[in-house]
There are 2 protein chains.
Amino acid sequence: MSSSKSFPGKCQQSLADHMRPDLFKALCDPVRISIVATLAAQAESQTVGDLTECCGIDFSGVSRHLKILREAGVVNADKNGREMLYSLKTEELAETLHAMADALIGCRDIA
Amino acid sequence: MSSSKSFPGKCQQSLADHMRPDLFKALCDPVRISIVATLAAQAESQTVGDLTECCGIDFSGVSRHLKILREAGVVNADKNGREMLYSLKTEELAETLHAMADALIGCRDIA
DNA sequence: GAAACATTTGCATGTTTGCGCAAATGCACT
DNA sequence: AGTGCATTTGCGCAAACATGCAAATGTTTC
């Protein structure tokens, strides 16, 4: 009800809530995109060592990138013995992107 | 056909194509998100001066942010006399986000 | 306990980024 | 031509970022 009442302020707020700059920041680096793409293409979780192969940098850098992705909620991290298993939060990420798109379209309809 | 054949390499490529770090880079800044949200909430195009109100920085900075958004394909820029009218490419942006989400889910299904 | 291994963290360095200010550009109006 | 307004661009600076190397942490295996 009344969702068709023109109320740009509310829409702006809702958009600001949905569009998460921190998530975009996590995904704005080519190396991190490379990591995400590699994880998406593999059914099994990957170790830092595995993921180091896909991006041409030192594994310490990969570890740092993974930390950023983890904190942004893009990947899961599970400790298995001395190695760390990283996997993509595919569903959540896709849902978040969808929600952003929907919020945009919703704003267009209101405004 | 054969889209269900397990082919992680292809998926990784397709994802790398869809996930555009440059777009994420354009959207990773709070001020730029603020601009996007403001544009989304308004039916009419906005000038640089208008948009300067929403984000608490100098208009020269706003102009620079708008350039970044323009080059990333997030906003339209139309010159009208001595002022510049900016509007959000709502459809394209929403479509791009959807495509990313779909590519992610597609990868999950294949891998 | 010691050695080997996977990952994280501290540190130094070069690069990028966002910002304000001031100058430059472009356009309208008289 | 000349003045005024909107926007862009050049410059300098401080903060943030990505990276490699080396040291530290945690874990397995012998």
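All values reported here derive from a predicted model rather than from experimental measurement.
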So, OP1 or OP2 of D:dT19: does either fall under 4.0 Å of a side-chain N or O from A:His65?
yes
Please determine whether side chain to side chain contact (heavy atoms under 4.5 Å, CB included) holds for the pair B:Ile35 and B:Tyr86, giving the CA-CA distance in whole Å, both sets of side-chain angles, and the decisive distance to 0.1 Å.
CA-CA 10 Å; B:Ile35 292 175; B:Tyr86 286 94; over 6 Å; no
Is any side-chain heavy atom of A:Ile57 closer than 4.5 Å to one of A:His65?
yes
Residue pairs meeting side chain to side chain donor-acceptor pair (under 3.5 Å), one or both in residues 101-111 of chain B, sequence neighbours left out, come to A:Glu91-B:Arg108
Check: A:Val62 and A:Val31 side chains under 4.5 Å, non-hydrogen atoms:
no
Give the residues of residues 15-31 of chain B touching DNA chain D, defined as any heavy atom closer than 4.0 Å, sorted by residue number.
none
Does any non-hydrogen side-chain atom of B:Val74 lie less than 4.5 Å from one of B:Lys89?
no
Are any side-chain N or O atoms of B:Arg32 and backbone N or O atoms of B:Lys25, one a donor and one an acceptor, separated by less than 3.5 Å?
yes
Review item, nucleotides 8-10 of chain D N/O atoms under 3.5 Å of protein N/O:
residue	atom	partner	partner atom	Å
D:dT8	OP1	B:Tyr86	OH	2.8
D:dT8	OP2	B:Ser63	OG	2.5
D:dT8	O5'	B:Ser63	OG	3.2
D:dG10	O6	B:Arg64	NH2	2.3

With heavy-atom distances below 4.5 Å as the criterion, would you say the side chains of A:Asp29 and B:Phe24 are in contact?
no
Under the ring-ring contact (aromatic ring centres under 6.0 Å, His included) test, which residues partner B:His98, sequence neighbours left out?
A:His98
Contact list for residues 73-84 of chain A, test side chain to side chain donor-acceptor pair (under 3.5 Å), sequence neighbours left out
none
Quick one: B:Ile57 CD1 to D:dA14 P, roughly how many Å, whole number?
19 Å
Whole-Å distance between C:dT16 P and B:Ile68 CD1?
14 Å
Distance, rounded to the nearest Å, where B:Leu69 contributes CG and C:dT17 contributes C1'
15 Å
Before you tell me yes or no, could you show the steps for B:Val36 and A:Met19 under side chain to side chain contact (heavy atoms under 4.5 Å, CB included), namely the whole-Å CA-CA distance, both residues' side-chain angles and the distance that decides it to 0.1 Å?
CA-CA 9 Å; B:Val36 168; A:Met19 306 284 275; 4.2 Å; yes
Between P on D:dA6 and CD on B:Gln46, what's the gap in Å once rounded to a whole number?
15 Å
Could you run through nucleotides 25-30 of chain C and give me one letter per nucleotide, 5' to 3': B if any protein heavy atom sits under 4.0 Å from the base, S if only the sugar-phosphate is that close, - if neither?
-BSS--
Do B:Thr90 and B:Leu39 make a side-chain contact, defined as non-hydrogen atoms from C-beta onward lying under 4.5 Å apart?
no
